[in-house]
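Worksheet: one structure, shown below.
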Amino acid sequence: MSKFSFRYVIDALLQGITFLFSSISFLTLGAILVFVFNQGWSLVNIDLIRYPYESTTILGAPLEDQNEFCLCEPNITLDPEVFYSNKWGVGFSQGQDLLGQATVQLAYIHPNSPISSLTNKGIEGNEFVLLPEYLIQKISYNDRSTSLARRGVERMINELESSNSIYEIEVITKGGGIGGSIITTLWLIGLTLIIAIPIGVGAALYLNEYAKHSQFANAIRSFIETLTGVPSIIFGLLGVAIFIPLTVATTNATGGNLISGALTLSVILLPIVIRTTEESLKVVPMDYRNASLALGASRTQTTFKVVIPNALPGILAAVLLGIGRIVGESAALIFAIGSIVRDEITLTDKSTSLAVHIYSMMTDEPANIELSSTIAIIILAIVLVLNLLIKFISSKIMKGKLGGVI
Amino acid sequence: MKKVFDTQNLSLFYGKNQALKNINLSIFEKSVTALIGPSGCGKSTFLRTLNRMNDLIPDVSIQGGVWFGDISIYDQKTDVIDIRKRIGMVFQKPNPFPMSIYDNVAYGPRCQRNYSKKEMDALVKEALVKSALYEEVKDRLQRSALELSGGQQQRLCIARALAMNPEVLLMDEPTSALDPIATAKIEELIVELKKNYTIVIVTHSMQQAARISDQTAFFLLGDLIEVEETKTFFATPKDPRSESYITGRFG
Amino acid sequence: MTTLIETEIREIEKNLKEMIDLVLSMHRDAKKALETNDTKLAIQIIKRDEQVNNLDELINESVLSFLATQAPVARDLRSAIAMIRVANDVERIGDYAKTISEFIILTKPLYDPFKLYINDMFDDFMKMFQMATSLFFKPVLEESYTIAAQDQFIDAKLKKAFHEIPKVVNTTNVMSLLDTFNIIRTLERAGDHTKNICEAVIFKLKGKKIDLG
């Protein structure tokens with residue numbers, strides 16, 4: 001009788017332990033998410049994309065055809081410390097520039113304001129939009145003396161209200177935008193997948209369909225398996241040693257660049273893609289291949305009409321894994337692309353991916369945990385969206401192939 | 001009767017292991033030849049030599065000749081794909097592709113050339129009619145083949161093979177995974193099909209071989225022991241080993 | 001290990017052997033009863049015929065279910081069919097012993113000079129019957145021909161007796177002659193049926209029906 005219940009006790013104990021372990025895992029992951037959201041949620045807003053990373057000083061002139069005054073009331077409730085000009089439809093408040101000195105900040109701008117868009121008097125000469133949180137350093141008029149920000153917000157608003165013609169405005173744009181990094185990340189995802197997936201799937205096809213049992217194939221296979229364990233920073237070194245000189249020599253790049261970054265990531269990704277694809281190819285029953293060949297199809301037709309469609313779930317899993325890896329890869333990219341945050345992204349220039357951007361933020365003085373967490377949230381969002389997108393596409397394809405059955 | 005297949009001293013090796021020993025067997029036109037024998041006797045291996053499906057197995061070597069009409073199948077210059085177009089195969093476990101019923105039947109022809117929708121519709125219908133499946137599936141051709149029962153799936157595989165308009169149907173234990181009613185349907189189908197096709201069927205069931213075949217070949221450990229008109233074979237077999245096998249005196 | 005088929009065949013063979021032994025004993029006793037005019041024995045013989053018929057029925061049923069359930073082929077199939085034929089012939093032969101017994105019970109007088117023929121024919125027949133039935137269970141092709149050939153002795157004796165008839169017939173003995181000749185004829189038929197058993201042996205071996213004359 002005691003042996004009987006002893007075994008039950010052991011069973012219950014084991015069940016309890018496994019429950020405990022899974023709870024630990026769940027809670028740990030949950031804690032990470034909570035931390036990230038807690039730190040970074042406050043900074044999540046569209047400004048992150050609108051603003052460039054660097055803040056720059058621009059001299060802006062009113063547009064040629066903007067002559068009508070706004071004469072409008074603000075369409076949101078303004079904070080008490082905001083000073084508003086009906087004529088021009090702008091609200092100013094107290095601000096601080098990068099050196100900590102008092103200056104004027106644009107708190108609100110009405111959509112109909114004649115100065116909502118200005119012409120850049122600098123080299124580019126293009127239009128730019130005045131956005132809230134930009135700093136207004138000085139406003140020069142045609143019909144009175146210049147307003148200076150250091151003279152105070154209220155004075156500037158009054159002087160503005162009293163003028164009817166603006167000559168130019170000196171604006172300091174707000175920085176901290178991560179648009180550049182987002183673009184870099186997306187480019188990296190695209191380029192890397194375009195390089196790594198075809199090569200990886202092709203290699204897996206060779207290993208599994210054409211050369212399954214040869215010595216050569218077995219050697220390659222073990223080699224690739226070993227590669228999956230290689231730390232990615234080593235591939236970063238590879239990037240510096242081979243891909244950067246390669247791209248420098250063949251394009252007008254001068255150092256780390258997007259292309260070398262994509263190439264490095266491809267190399268990191270290849271073993272994973274090959275392994276995952278091979279596994280999913282193996283799972284396709286031999287029966288299907290036999291049936292196809294017995295019907296007089298060629299090897300190629302069999303591969304493309306039967307094997308690959310059936311291995312698609314696995315291949316897409318490889319794609320998803322790849323995306324996760326690309327977005328999260330930081331160490332190797334620091335070498336291969338660089339860690340300088342940029343707004344203008346070209347293929348042949350240094351830039352950062354979102355992960356490296358986090359690295360950049362965290363190695364600044366002081367470490368910017370809030371912004372890093374915000375970027376983390378954005379990374380998670382991108383990965384989530386891409387996952388859902390791919391799952392959706394794959395289920396559409398499956399529906400097509402299976403004729404109504406998933 | 002015209003010979004469709006003729007093997008001459010056919011031997012097959014898996015590496016060093018000889019699976020077929022000097023087989024001389026003729027298959028005749030528009031008849032059913034049954035290949036019987038205990039497990040591992042070489043009957044399935046022999047079947048696969050007829051459409052070169054053994055090529056898929058590594059380390060296989062062939063000696064002797066297999067003639068399909070006046071073509072030597074194992075000749076270097078022979079087009080394997082062409083052979084397989086003329087010889088259809090149905091496997092032991094029904095293996096329809098995970099596609100619609102229509103696409104399954106259309107698969108083979110589509111690999112060869114493009115068809116207009118009208119042409120393909122007619123082709124698919126004909127194949128399904130010939131394999132006695134059309135009436136049961138005509139309203140759901142676009143649904144997945146995997147929804148069909150085992151017996152229906154096997155008839156679909158037959159239809160798929162027939163869509164290529166072959167001269168020969170090779171069947172490797174086609175009913176061993178099916179229930180008795182499905183089995184009976186397929187046996188009826190085979191008897192009907194032999195009016196137009198040459199059929200070679202490997203079977204574990206001696207009753208099946210006795211019921212539906214015209215000629216029976218008995219294999220044992222890679223040797224062809226006896227080949228004979230079926231009714232004579234089962235009434236008065238000549239070789240004592242044949243008799244021992246069919247009367248169940250040994251495995 | 002014996003297969004199911006072998007077990008069933010053995011069972012049917014056992015019944016067939018029992019039937020054969022019965023019929024053989026019926027004829028032995030018939031011969032004796034004829035000599036001693038033993039009516040009691042004759043009644044016993046007739047009773048035994050019932051058993052023979054039952055066994056015949058049983059064998060037929062057994063073979064039918066054997067064919068249906070075991071779907072035998074080759075030698076098992078041929079054996080089964082042959083056994084039905086043999087049972088049929090043995091049952092007839094048993095009937096003949098019954099006929100002879102009925103004669104004894106009706107106390108018909110034997111025509112004495114033919115007694116010799118009858119006894120010889122009994123001996124010839126029983127020997128042939130024993131050999132043929134043994135052969136059936138251990139069949140050898142050539143022997144079925146040699147044993148079948150023994151029937152000619154029985155036939156010869158019948159012919160001889162037949163030819164005697166015109167020499168000895170008269171109005172007083174004509175009925176007993178007829179009756180006695182009937183017994184001779186019955187024994188000759190028994191020999192024919194025994195020849196059929198040899199034909200069944202050939203069928204069992206070869207699957208062919210050969211007419212042995």
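Just so we're on the same page: letters track the sequence lines, and every chain starts at 1.
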Separation between CZ of B/R84 and CG of A/L293, rounded to the nearest 0.5 Å: 5.5 Å
Donor-acceptor contact present, side-chain A/D287 to main-chain B/N95, <3.5 Å: no
So, the part of B/I87 with a heavy atom under 4.5 Å from chain A: the answer is backbone
Region of B/R160 in contact with chain A, defined by heavy-atom distances below 4.5 Å: both
More than 12 heavy atoms of other residues, nucleotides or ligands under 6.0 Å from NZ of A/K391: yes or no? no
Is B/L56 in contact with chain A via its backbone, its side chain, both, or neither, using a 4.5 Å heavy-atom distance? side chain
Heavy-atom distance under 4.5 Å to chain A: side chain of B/P96, backbone, both or neither? backbone
At a heavy-atom separation under 4.5 Å, does B/F97 approach chain A through its side chain, its backbone, both, or neither? both
Main-chain N/O of A/G296 paired with B/Q112 side-chain donor or acceptor, under 3.5 Å: yes
Is chain A contacted by the side chain of B/R110, its backbone, both, or neither, given a heavy-atom distance below 4.5 Å? both
Which atom names give the shortest non-hydrogen contact between B/Y107 and A/Q301, and what distance separates them? OH-O, 3.9 Å
Scanning both residues in full, the closest heavy-atom pair of A/A291 with B/F91 reads CA-CE1, 3.8 Å
B/A161 versus A/L295, closest heavy-atom pair with distance: CA-CD2, 3.9 Å
One should read off an interatomic distance between A/N290 CG and B/R48 CZ, to the nearest 0.5 angstrom, of 8.5 Å
Ranking A/P285, A/S298, A/A297 by heavy-atom pairs under 4.5 Å to chain B gives rank one to A/A297
